[in-house]
Peer 1: 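Let me begin by handing over the structure; questions about it come next.
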Amino acid sequence: MPYPTDRERDRPWVMRTYAGHSSAAASNELYRRNLAKGQTGLSVAFDLPTQTGYDPDHQLSKGEVGKVGVPVSHIGDMRRLFDGIPLAEANTSMTINAPAMWLLALYVSVAREQAEAEGRDVDEVLAKLTGTTQNDIIKEYLSRGTYIFPPGPSLRLITDMIAWTVHHVPKWNPINICSYHLQEAGATPTQEVAYALCTAIAVLDAVRDSGQVEQSDMAKVVARISFFVNAGVRFVEEMSKMRAFTALWDEITRDRYGVTDSKARRLRYGVQVNSLGLTEAQPENNVQRIVLEMLAVSLSRGARARAIQLPAWNEALGLPRPWDQQWALRMQQVLAFETDLLEYEDIFDGSHVIQAKVDEIMAGAREEIARVQDLGGAVAAVESGYMKSQLVASLAEYRRGMENGERILVGVNKFETTEPSPLQAEGAKAIETIDPAVEKQAVTAIEEWRAHRDSAAAESALEKLKTVAKTSENLFEATIECARAGVTTGEWSGALREVFGEYRAPTGVSASAAAGEGNEELRRVRDRVKATNTELGERLRILVGKPGLDGHSNGAEQVAVRARDVGFEVVYQGIRLTPEQIVAAAVQEGVHVVGLSVLSGSHLEVVPQVVDGLRAAGAGDVPVIVGGIIPPDDEKLLLERGIAKVFTPKDYELTDIMDGIVGLVRERHGLGTERHR
């Protein structure tokens, strides 16, 4: 959005809702409705197969198609997704990372088709495209888990994409450096600022050193770098964080990259407030949390977000309905159009309290940035596991504060007495559910697409892509050729997997801090584990597994850390495992219990497969527990299918969960189920 002079009323930020599910056609209808309600930008949520470069008929896609976003498998899906929406007039944010080049190529190809159909100049239309591709792969290794390729090739894809867009789509933000998920993974405000800026340094250094952009054009590159941040409920601290972020970005781009234009150095950022901070218990409290978090990124004019999307009140329960998203949009509109917020200059300028907090965050961030640079930069700090272990330790500290009552969550660990919520009176109808037929339809549709396209053209384009990938040539034109030839998402990613290989990032679990010897409850459970070890004649072993494509591993990592702290031997192999791989590991390691973490809504499909696999392998006596965002009706179905225990976000006491797991193992081995206190 353009920045007004200080004498003008500030313009409202771009207002979005993060949306997409089921199919391109269903998502297109949703987008049109949201735009009609006053939404001023689109924010596309892609499903996990699309985010991780698989087609709907791939084994790992089972149970994941259309669940947390829209499946886009080829240019036909992209056409349908934006049918009736002129891309030259849209402002579109796409939350896509590893295959960002691919999705932007599809988007650009559809924009080209729209221009040709209207008899408009293609270059003129491309020059008008505005929006953002997230395209921040470093935070995927640290938090969200939708990476595909190793860090080196991934950084090359980002570099090629930035260079191409600067020359051909000059108003597009080719990367949205995303500290949002770092906060969800445990980052303190200082770590969030530091690690995001370390990522920016890695990207800008790579672009500068690639030879694809002249030094005189580096200001154009910097001006198109945007950020996507998180805002928690501690809104004074969060607002100070953004003022510190703004000042440090200005400093780095001026001193490290020689950008003299102050407008090019502005921190341009969008925000979604903290979704994982929303609670399943008393979810109506999430409304005030969302509003307070929105204030953190809107009150300070000098550090105000230029795009905001808010989660819905019920996202800790499941997928929000259109009405829930409308409520979140109306929150933004009331603040922007009914209050006098936008009429004033920065109301915090001159506040010694705010400035002291800003200075504290800046000083800490500078120290951490220097530490990461000493390690060799962001990529090296990912590969060594340093940044990941820091985040796992920070999240463990946060959880300890929740468990011991130092950090209060209203309705969760304090003020738990409540009246029945009328917002939840509809039961399962209080959230959006995806028809299982969606996946079957997507599988059939992609089979038909492959059967009717020009297979020779698709194969030729893929061969050219692989050839270019083996050189230092920019990959974007070869990717556009694949898009226009009808290549699928899985085929594009598969071709690059052949050349670049795949990657498994460090989990950070082994290097994280223990929960503390002084915790009485922890000592009690640890003693119980020791007693059980003695009675069994072997050490208790737990496998923590992430089936399917859900890469949000924070919860699984914290469970693994706490299980280790109470004395379990922990088997944790990271994300993106098939049920068959989990079963094989459980049998090979001889574990006493299997714990599965699923946040993507695919629990009804992937979890029973693990239970059935264990039975088929002769290990049916090994109990399976599951944790995640699981509606009550689904919890009943899982228990009926043989799941021993189900944990949801309301079950935040990890040590108590460990105690329950010990009791479950004792029961299965005939050792008694008593709980010793």
Side-chain angles (χ1 to χ4, degrees), residues 396 399 403 507 509-510 512-547 555-574 577 579-598 607-628 638-639 641-647 651 653-677:
R399 293 197 64 93
E403 292 174 331
T507 67
V509 168
S510 61
S512 63
E517 294 292 331
N519 185 303
E520 183 178 341
E521 176 69 5
L522 188 77
R523 285 200 304 269
R524 187 191 65 78
V525 177
R526 189 178 289 147
D527 289 343
R528 198 170 183 217
V529 170
K530 289 179 180 177
T532 305
N533 291 344
T534 301
E535 292 176 68
L536 287 175
E538 58 180 332
R539 188 177 176 188
L540 281 180
R541 291 182 296 279
I542 180 172
L543 184 148
V544 178
K546 290 284 297 176
E557 289 157 0
Q558 292 303 309
V559 167
V561 169
R562 190 61 55 86
R564 187 196 63 195
D565 289 346
V566 299
F568 277 90
E569 181 180 330
V570 178
V571 179
Y572 177 58
Q573 298 171 324
L577 300 171
E580 292 79 9
Q581 288 171 321
I582 291 172
V583 168
V587 172
Q588 181 178 342
E589 299 289 343
V591 300
H592 299 92
V593 61
V594 172
L596 304 178
S597 170
V598 186
V607 173
Q609 290 180 54
V610 174
V611 175
D612 294 342
L614 287 170
R615 288 172 178 164
D621 58 332
V622 176
V624 176
I625 60 176
V626 60
L638 288 172
L639 293 173
R641 285 287 279 110
I643 304 304
K645 286 182 180 294
V646 175
F647 298 101
D651 303 302
E653 292 272 10
L654 285 179
T655 303
D656 193 51
I657 290 173
M658 292 301 125
D659 194 41
I661 293 173
V662 176
L664 177 62
V665 173
R666 292 181 63 84
E667 179 184 351
R668 289 294 176 97
H669 288 267
L671 302 179
T673 59
E674 77 285 352
R675 290 167 59 110
H676 304 292
R677 292 196 179 274

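Given the structure is predicted, the values throughout are model-derived calculations rather than measurements.
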Peer 1: Could you state the interatomic distance from CG (L536) to CZ (R541), rounded to the nearest 0.5 Å?
Peer 2: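 L536 atom CG to R541 atom CZ measures 9.5 Å (nearest 0.5 Å).
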
Peer 1: At their closest point, which heavy atom of S597 faces which heavy atom of P547, and how far apart are they?
Peer 2: O-CD, 3.7 Å

Peer 1: Does this structure show an ion pair linking R526 with D565, if we count only N-O contacts that are shorter than 4.0 Å?
Peer 2: no

Peer 1: Any ion pair linking R524 and E521 (charged N to carboxylate O, less than 4.0 Å)?
Peer 2: yes

Peer 1: Say you draw a straight line from CG of D659 to CG of L522; how long is it, rounded to the nearest 0.5 Å?
Peer 2: 11.0 Å

Peer 1: Could you grab the distance from atom CD of Q588 to atom CD of Q581, nearest 0.5 Å is fine?
Peer 2: 12.0 Å

Peer 1: Just to verify, which of I625, V611, I643 counts as forming a side chain to side chain contact (heavy atoms under 4.5 Å, CB included) with L638?
Peer 2: I643

Peer 1: Identify the two heavy atoms, one from I542 and one from V591, that lie closest to each other, and give their separation to 0.1 Å.
Peer 2: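 Looking at all heavy atoms of both residues, the shortest contact is C-CG1, 4.3 Å.
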
Peer 1: If every non-hydrogen atom of A586 is compared with every non-hydrogen atom of L543, which pair is closest and at what distance?
Peer 2: N-CD1, 3.5 Å

Peer 1: Show the nearest heavy-atom pair for residues L639 and A644, with the distance to one decimal.
Peer 2: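 In this case the closest contact between L639 and A644 is CD2-O, 4.0 Å.
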
Peer 1: Please name the pair of heavy atoms, one in Y572 and one in V544, separated by the smallest distance, quoted to 0.1 Å.
Peer 2: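 Answer, listing the atom of Y572 first, then V544: CD1-O, 3.2 Å.
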
Peer 1: How long is the straight-line distance from CZ of R399 back to OG1 of T655, given to the nearest 0.5 Å?
Peer 2: 9.5 Å

Peer 1: Please report the shortest heavy-atom distance between R562 and E403, naming the atom on each side.
Peer 2: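 Closest heavy-atom pair between R562 and E403: NH1-OE1, 2.9 Å.
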
Peer 1: Scan L577, V571, V587 and name whichever one has a side chain to side chain contact (heavy atoms under 4.5 Å, CB included) with I582.
Peer 2: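 Answer after filtering L577, V571, V587: L577.
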
Peer 1: Check each of R539, R666, E538, E569 against H592 using the side-chain hydrogen bond (donor to acceptor under 3.5 Å, both in side chains) test, and report the only one that passes.
Peer 2: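 The single option meeting the side-chain hydrogen bond (donor to acceptor under 3.5 Å, both in side chains) with H592 is E538.
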
Peer 1: Could you tell me the separation between the NZ atom of K645 and the CG atom of L664, rounded to the nearest 0.5 Å?
Peer 2: 6.0 Å

Peer 1: Between the side chains of R668 and D621, is the shortest nitrogen-to-carboxylate-oxygen separation below 4.0 Å, so that they form an ion pair?
Peer 2: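 Answer for the salt bridge query: no.
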
Peer 1: Nearest 0.5 angstrom please: R641 CZ to Q609 CD, how far?
Peer 2: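 Going from the CZ atom of R641 to the CD atom of Q609 covers 9.5 Å.
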
Peer 1: Side chains of F568 and I661: closer than 4.5 Å at any heavy-atom pair?
Peer 2: yes

